[in-house]
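Shown below is the structure under consideration.
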Amino acid sequence: MARYNPKETEPKWRKAWADADVFKAGPPTPGVPKYYALEMFPYPSGRLHMGHVRNYSLGDVVARYKRARGFNVLHPMGWDAFGLPAENAAMERGVDPRGWTYDNIAKMRAELKELGLSIDWSREFATCDAAYYGKQQDWFLDLWKRGLVYRKESIVNWDPVDQTVLANEQVVDGRGWRSGAVVEKRKLNQWFLRITDYAEELIEGLKTLDRWPDKVRLMQENWIGRSKGLKFNFGWASEAPKGFEAGLEVYTTRPDTLYGASFVGIAPDHPLAEQLAADPKVAAFIAECRKGGASEAEIETAEKIGFDTGLTVAHPFDPNWRLPVWIANFILMDYGTGAIFACPAHDQRDLDFARKYDLPVKAVVLPPGEDAATFTVGDEAYTGPGTIFHSDFLDGLEIEPAKAAAIARIEAQNQGKGATVFRLRDWGVARQRGWGCPIPVVHCAKCGVVPLPKDQLPVVLPDDMDFSKPGNALARHPTWKNASCPQCGAEATRETDTLDTFVDSSWYFARFTDTEAAEPINKAAADYWLPVDQYVGGIEHAVLHLLYARFVTRALGDEGMLSVREPFAGLFTQGMVTHETYRRAQSGEWVEPKEVEILAEDGKRQARSLETGEALVIGDIEKMSKSKRNTVAPEEIFEVYGVDAARLFVLSDSPPERDTQWSAAGVDGAWRFVNRVWNEFDSQPAGAAPAPSPDPKADELRAFTHRTIKAVTEAVETFRFNSGIARMYEFLNKLKEFPADKATAPVLAARQEALSAFARLISPFTPHLAEEAWARIGGDGMVVSAPWPAYDATLTQDAVKVLPVQVNGKRRGEISVAAGLEPADVEKIVLDDPEIARRLEGLAIKKVIVVKDRIVNIVAG
RNA sequence: GCCGCCGUAGCUCAGUGGUAGAGCGCAUCCUUGGUAAGGCUGAGGUCGGCAGUUCAAUCCUGCCCGGCGGCACCA
């Protein structure tokens, strides 16, 4: 018997796969069923972490399984390679970001290859390859022509640490998602993609994504934030301000409460407010509003402040009713029209404001059970259901009919229209960074912003940028920006902003379908391969990347480059890899797991430092991170246990969507499993008959084999990999009941069948071990190309069922009956059973419930 | 505050309207030429709490408790 030696075995099989080029996707062939398995491509940080191991192992199980199922599988890999870490490395260490990035890619590629992933490496690319980002510039110009790209002077989220603009999606709790710095508001000329044009379709499309987690769909739905209401104009009661003669347009979702109107409010950066800022008092107030940060705490505690402009408007349903116009800090310019009518009785924000400035509070929704004569609103606005009152023609209506009636009246008066409004804002895509995809336009003094003709693409980054100081290295390059205007030929300046890296990742899956295409996307290839059948990645991209990719897919589709509307038919979001934390008792200093020894004393787990022997405090289980020093380096695990054990453990311990806890004991267990599996294969004598023959013992094993095939197949299909692995642990334990050295010929044959299935079942999880095992039992070719085992349904069912018998819901015995026996027959057997009869002595039988093949319950009293 | 998810053995988790399960860990014993191991056996659970529906609830419903996530001055 030879011990299983992954150090020899694993590289051997990886080489065999590479030599046979087994993972190369077949050509797009209509009629040949395809499967596109994709994991979110990594940022090339230079080092693989356990999160990567989990992510790519999960995707690999799917890819290998589908290959065994006979699909033409596309399973590519690439690099999301632009971005700030390269610039930071350049600034800190004086290295070139390009060289640093490609070095990292080389290191990570080697580590990923070691994982034994079934990747088609011939399609690899990095987003920082000019061959890729040049194509991105190409379609960017197409979208420009389509009117989906625009520039606008606007207030943007400015990250003072990274010195760049951030999209709304990249601001988390008022802080930059990467830097963690409190985001400032700045007014800049910005580049936008018109994602809001697709808001309705993006929200509707979610309904079709039945293989996405509900959670992610819900998060996107909330983010897009559709609300239905009314946009209408208030006519002026005072003299109309210049430019606003048509009135003041507001948006509301509560037109039913119009008779509860108290005042009209506009945002501090509303054009009207800016016009009124000619008055220094108004200007001072607006400046006051701009103070205060965007952080959660600041917004939460910010007091509502307002300024009465002295202007008044007329109520739409009563021309004699005048409402004052206030500037209020709680009104957002970029939602709706930046102006509202306030109904303090039924909106908490309006109420807070009205109480502060002593404005009227008039209730118009009567809660059920309240008396119209006595109902009043105190400091809490009433937002619940009820009946409209004090509201003329709306009186007596419920809220929804009242909304409809109010909208109809406003529309009849030609003062406005029912309107759907979205929370989603257009996507600000320009970043003031040097290490990104250049925006392919020039600025000409005469012609303005001019897109470059496509024959001038790609606009390539210079390779001698100065990253020694913060800020935009591209902008301060001495010569790069010099160009000539394609329209008038005069001297012009290149745009020095680059695109958000989320643009890079919003279409890479389409490029993977043909990485050599002259066009950005080879439509025939994309039509064959897309949508991605299974996409696997982290939940942190639920809104950002996944929303942008859905948008870009639609935009490119409308440009005729793609046929699918949804890029990812199936999405799986995996949980994080966590680990216990350890720290020194006195200093509180974090200690790495590899420097810790775990002991059991008095049945309790104790941690001790391997270096000093001191007792350590075992802390919480947290996401692996450098700051908590609770990381485990994958390469060190591979070195000790082999890749398969690491893959197996990371797949076995928890359902894939949940966090999984890495532990030394756990990977140890996986390693022992690998060895026990090998021993079982190794003990099988060569030349065992492949065809099992009837024999009670052999039949028992065969039944178990086929039940396991069924269970594992279903587990893999439904992403319950941990359950599938648990079934294989059981399978192995069952096999041990039939040791080869004591087996009869029929049992040996059944073992051969079991092992043949086993090797194929474990192949997606522990591919190297599976190859070695497959070879050991004389399997045909490599297991990677072997078909998935089929099960015989007749063997997965028992011939005899043991049914528990309950009396009044309590278990009182059991009977054995033929499987599938009809309830009436079962009832007869049960009632004839002497043991059951004894239990029923002195009781009158009221009812007998028989659930076929499951249970019998006798109700008696 | 609003929306959502989770709570089953020491740990990580399956599971089902009908006999409570797996892996790891733990304990006992065996093996000591598979030995930086292997094997046998076993203990351990008011299925978060309370109520309801049902012949029967860990499972369905409601409320509560605990943990986690998303959104948040979005009119």
Side-chain angles (χ1 to χ4, degrees), chain A residues 1-3 172-173 213-223 225-227 229-230 250-254 257 265 267 296 299-300 302 304 328-332 334-343 346-350 352-353 421-425 539-540 542-543 580 600 603-605 621 640 649 652-655 657-663 665-670 672-673 675-676 679 682-683 711 715 720 722-730 732-733 736 739 802-811 813-814 846-851 853-861:
Chain A
M1 284 230 182
R3 270 172 73 80
V172 179
D173 292 341
D214 291 344
K215 182 183 178 166
V216 174
R217 289 193 293 183
L218 193 69
M219 282 166 72
Q220 291 215 355
E221 199 178 321
N222 289 340
W223 187 267
R226 177 169 57 190
S227 68
L230 170 69
V250 301
Y251 173 72
T252 181
T253 55
R254 293 298 302 272
T257 64
E296 185 188 6
I299 288 171
E300 194 87 328
K304 292 189 173 46
N329 66 335
F330 70 93
I331 300 166
L332 307 173
D334 49 3
Y335 185 75
T337 63
I340 61 155
F341 91 83
C343 175
H346 305 295
D347 183 286
Q348 192 60 46
R349 297 156 301 184
D350 298 348
D352 294 344
F353 192 86
V421 162
F422 297 91
R423 211 190 71 109
L424 183 71
R425 318 280 206 273
I539 186 79
E540 68 272 20
V543 176
E580 263 181 345
K604 276 185 72 181
R605 293 177 72 247
I621 296 157
V640 177
F649 174 54
S652 68
D653 204 46
S654 297
E657 69 275 17
R658 288 219 216 150
D659 289 355
T660 191
Q661 190 187 335
W662 184 274
S663 66
V667 70
D668 230 42
R672 278 204 296 275
F673 177 75
N675 280 285
R676 289 201 306 252
N679 290 340
D682 202 29
S683 70
R720 285 153 38 236
N722 59 321
S723 302
I725 292 169
R727 298 305 292 252
M728 290 188 281
Y729 270 91
E730 291 175 44
L732 181 67
N733 287 342
K736 284 173 179 300
V802 177
L803 309 187
V805 179
Q806 299 180 334
V807 176
N808 293 332
K810 284 185 182 149
R811 190 168 183 274
E814 58 183 37
K846 291 180 180 164
K847 197 173 173 186
V848 179
I849 297 134
V850 179
V851 183
D853 288 345
R854 298 300 286 269
I855 200 167
V856 181
N857 189 17
I858 301 166
V859 186

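Chain identifiers are assigned alphabetically (A, B, ...) following the order of the sequence lines, protein sequences preceding nucleic acid strands; residue numbering begins at 1 within each chain.
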Open item on the list: If I take atom CZ in residue A:Arg727 and atom P in nucleotide B:C13, what distance separates them, rounded to the nearest angstrom?
Closed with: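 Value for this atom pair: 20 Å.
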- [ ] Calculate, to the nearest 0.5 Å, the distance between atoms OH and CZ belonging to A:Tyr729 and A:Arg676 respectively.
- [x]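 Reported value, rounded in 0.5 Å steps: 7.0 Å.
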Task: Spacing between A:Gln348 atom CD and B:C2 atom P, to the nearest angstrom - done: 12 Å
Open item on the list: Pick the closest RNA chain B nucleotide for A:Ile539 and for A:Phe341 by heavy atoms, then say which residue is nearer the 5' end.
Closed with: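 Going by which nucleotide is closer to the 5' end, it is A:Ile539.
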TODO: Drop me the distance from A:Leu230's CG to A:Tyr251's OH, to the nearest 0.5 angstrom.
DONE: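 Result: 8.5 Å between the selected atoms.
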Task: Value in whole Å for how far the C1' atom of B:A75 lies from CZ of A:Arg423 - done: 14 Å
Task: CZ on A:Phe673 to CG on A:Asp668, rounded to 0.5 Å - done: 15.0 Å
- [ ] Decide whether a cation-pi geometry holds between A:Lys304 and A:Phe330; the criteria are a distance under 6.0 Å from NZ or CZ to the six-membered ring centre and an angle within 45° of the ring axis.
- [x] yes
TODO: Decide yes or no for A:Trp662 and A:Phe649: does some side-chain heavy atom of the first lie under 4.5 Å from some side-chain heavy atom of the second?
DONE: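 With C-beta onward as the side chain, the pair touches.
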TODO: Let me have RNA chain B in dot-bracket notation, would you? Count Watson-Crick plus G-U wobble pairs, both distances under 3.5 Å, and use [ ] for pairs crossing earlier ones and | for inter-strand partners.
DONE: (((((((..((((....[..)))).((.((.......)).)).....(((((..]....))))))))))))....
TODO: Find the distance A:Asp352:CG to B:A75:P and express it as a whole number of Å.
DONE: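 Rounded to the whole Å, the gap is 16 Å.
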- [ ] Indicate yes or no: at least one non-hydrogen side-chain atom of A:Val856 is less than 4.5 angstrom from one of A:Val848.
- [x]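 They are in side-chain contact.
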Task: Integer-rounded Å distance: B:C71 P and A:Leu424 CG - done: 14 Å
Open item on the list: Distance check, rounded to the nearest 0.5 Å: A:Lys215 atom NZ versus A:Ile539 atom CD1?
Closed with: 4.5 Å
Task: For A:Asp347, all residues meeting side-chain contact (heavy atoms from CB on, under 4.5 Å), sequence neighbours excluded - done: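 side-chain contact (heavy atoms from CB on, under 4.5 Å) check on A:Asp347 returns A:Arg349, A:Asp350.
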- [ ] Quick one: pull up CZ in A:Arg727 and CZ in A:Arg720 and give me the separation to the nearest 0.5 Å.
- [x]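 Rounded to the nearest 0.5 Å, the CZ-CZ separation comes out at 9.5 Å.
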- [ ] Report yes if at least one side-chain N or O of A:Ser227 is closer than 4.0 Å to OP1 or OP2 of B:A75; otherwise report no.
- [x] yes
- [ ] Starting at atom CZ of A:Arg217, determine the distance to atom C1' of B:C3, rounded to an integer number of angstrom.
- [x]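 Between C1' of B:C3 and CZ of A:Arg217: 15 Å.
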TODO: Among B:C24, B:A75, B:C71, find the nucleotide with the atom closest to the side chain of A:Leu332.
DONE: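 Out of B:C24, B:A75, B:C71, the nucleotide with an atom closest to A:Leu332's side chain is B:A75.
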- [ ] Could you work out which one of B:C3, B:G70, B:A75 sits closest to the side chain of A:Leu218?
- [x] B:C3
Open item on the list: At less than 3.5 Å, do the side-chain atoms of A:Asn722 and the base atoms of B:C13 form a donor-acceptor pair?
Closed with: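 No.
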TODO: Measure from CZ on A:Arg720 to C1' on B:A14 and round the result to the nearest Å.
DONE: 8 Å
Task: Separation of atom CH2 in A:Trp223 from atom P in B:C71, rounded to whole Å - done: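 So the CH2-P distance, A:Trp223 to B:C71, works out to 6 Å.
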TODO: Looking only at side-chain atoms of A:Lys304, point me to the closest of B:A72, B:C73, B:A75.
DONE: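 Among B:A72, B:C73, B:A75, the one nearest the side chain of A:Lys304 is B:C73.
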TODO: With RNA chain B as reference, determine whether A:Gly669 or A:Ser652 sits nearer its 5' end, using the nearest nucleotide of each.
DONE: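 The residue whose closest nucleotide sits nearer the 5' end is A:Ser652.
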What's touching nucleotides 36-47 of chain B from the protein side, N or O pairs under 3.5 Å?
| unit_1 | atom_1 | unit_2 | atom_2 | d |
| --- | --- | --- | --- | --- |
| B:G39 | OP1 | A:Lys736 | NZ | 2.9 |

- [ ] Assign A:Tyr729 to base, sugar-phosphate, or nothing according to its heavy-atom contacts below 4.0 angstrom with the strands shown.
- [x] sugar-phosphate
Open item on the list: Taking the minimum atom-to-atom distance to the side chain of A:Lys215, which one of B:G70, B:A75, B:G69 wins?
Closed with: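 Out of B:G70, B:A75, B:G69, the nucleotide with an atom closest to A:Lys215's side chain is B:G69.
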- [ ] May I ask you to test the A:Gln348-A:His346 pair for a side-chain heavy-atom distance under 4.5 Å?
- [x] no
- [ ] Would you please confirm or rule out a distance under 4.0 Å between OP1 or OP2 of B:A75 and any side-chain N or O of A:Tyr335?
- [x] yes
Open item on the list: Considering every strand and a 4.0 Å limit on heavy-atom distances, what is the contact class for A:Ile725: base, sugar-phosphate, or nothing?
Closed with: nothing
